[in-house]
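Have a look at the structure below before the remarks.
Because the structure is a prediction, the values reported are computed rather than measured. The analysis underlying the following values was restricted to heavy atoms, covering all of them including side chains, and did not include hydrogens, waters or symmetry mates.
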Amino acid sequence: MLTFMKTLIGTWFICSTNFPMWLKGDKTSPIFSYSPAQKKGANVLLDEVKYHKKGDLKTITGYDYQDEHDSSAFVWHGKGLLSLLRSKWKVVLQDPDGQWAVIWFSKTLFTPEGVDIISRTPKFSPQMLADIKAQMANHPLLAPHLSTLRDLPLR
């Protein structure tokens with residue numbers, strides 16, 4: 001498995017986003033979990049997105065295939081009923097210590113283009129979030145999303 005993939009393995013909490021699914025308010029406490037897997041002979045990440053809806057824990061599962069030309073870019077393929085769905089995403093910024101990252105995702109038939117700021121811990125300092133947003137302002141792929149980015153409630 002490529003080194004960049006290894007840095008994603010584990011649990012991530014969404015701290016700030018402009019993804020409508022998380023901003024509507026009926027789906028709360030979203031968490032990403034990545035684990036190594038094999039799919040059709042390829043090293044992939046098993047991608048599980050967990051959230052609460054009306055008190056119940058829900059899960060969306062898929063596989064992330066790493067782009068052969070850009071190790072920070074992936075294509076998500078849904079699992080089960082979602083197997084026809086695809087989404088491109090990329091880790092654009094990442095903390096050298098692996099404690100936070102900024103993910104950009106492409107527009108699909110069902111979702112707009114957007115960004116998530118994710119962290120290894122459920123609580124994120126306001127100063128750290130401000131520092132990350134300052135870095136985003138200097139990045140052409142991320143800067144256009146700053147005005148629509150919303151911080152999610154701390155857990």
query: For N138, what residues pass the side chain to side chain contact (heavy atoms under 4.5 Å, CB included) criterion, not counting sequence neighbours?
result: none
- request: Any pair with a residue in residues 30-48 that passes salt bridge (charged side-chain N to carboxylate O under 4.0 Å, His left out), sequence neighbours left out, goes on the list, sorted by first then second residue, please.
  value: none
- prompt: Is it true that the NZ or CZ of R120 lies under 6.0 Å from the centre of W100's six-membered ring and within 45 degrees of the ring axis?
  reply: no
message: Could you work out, with side-chain hydrogen bond (donor to acceptor under 3.5 Å, both in side chains) as the rule, every residue matching D64, not counting sequence neighbours?
response: W89
message: Would you say NZ of K88 has more than 12 non-hydrogen atoms from neighbouring residues, nucleotides or ligands within 6.0 angstrom?
response: no
message: I'd like to check the ring pair (Phe, Tyr, Trp, His ring centres under 6.0 Å) partners of Y63; sequence neighbours left out, ordered by chain and number.
response: none
message: Taking salt bridge (charged side-chain N to carboxylate O under 4.0 Å, His left out) as the definition, give me every residue that meets it alongside D70, ordered by chain and number, with sequence neighbours left out.
response: K90
task: Output every pair passing salt bridge (charged side-chain N to carboxylate O under 4.0 Å, His left out) with a member in residues 7-22, not counting sequence neighbours, ordered by first then second residue.
output: none
message: Show me the pairs that pass salt bridge (charged side-chain N to carboxylate O under 4.0 Å, His left out) and involve residues 16-25, at least two apart or across chains.
response: none
Donor-acceptor contacts under 3.5 Å from residues 53-61 side chains, at least two apart:
none

task: Please determine, by modelled atom types, if D131 and Q127 share a side-chain donor-acceptor pair under 3.5 angstrom.
output: yes
statement: Applying side-chain hydrogen bond (donor to acceptor under 3.5 Å, both in side chains) to T28 and not counting sequence neighbours gives none
- prompt: What pairs with F32 under ring pair (Phe, Tyr, Trp, His ring centres under 6.0 Å), at least two apart in sequence or on another chain?
  reply: none
- request: Using modelled atom types only, decide if a donor and an acceptor are shared between the side chain of D67 and the backbone of H69 within a distance under 3.5 Å.
  value: yes
field: Under the side chain to side chain contact (heavy atoms under 4.5 Å, CB included) test, residues paired with T11 that sit two or more places apart
entry: F13, I31, S33
- request: Return the set of residues passing salt bridge (charged side-chain N to carboxylate O under 4.0 Å, His left out) with D151 (not counting sequence neighbours), or none when no residue passes.
  value: K133
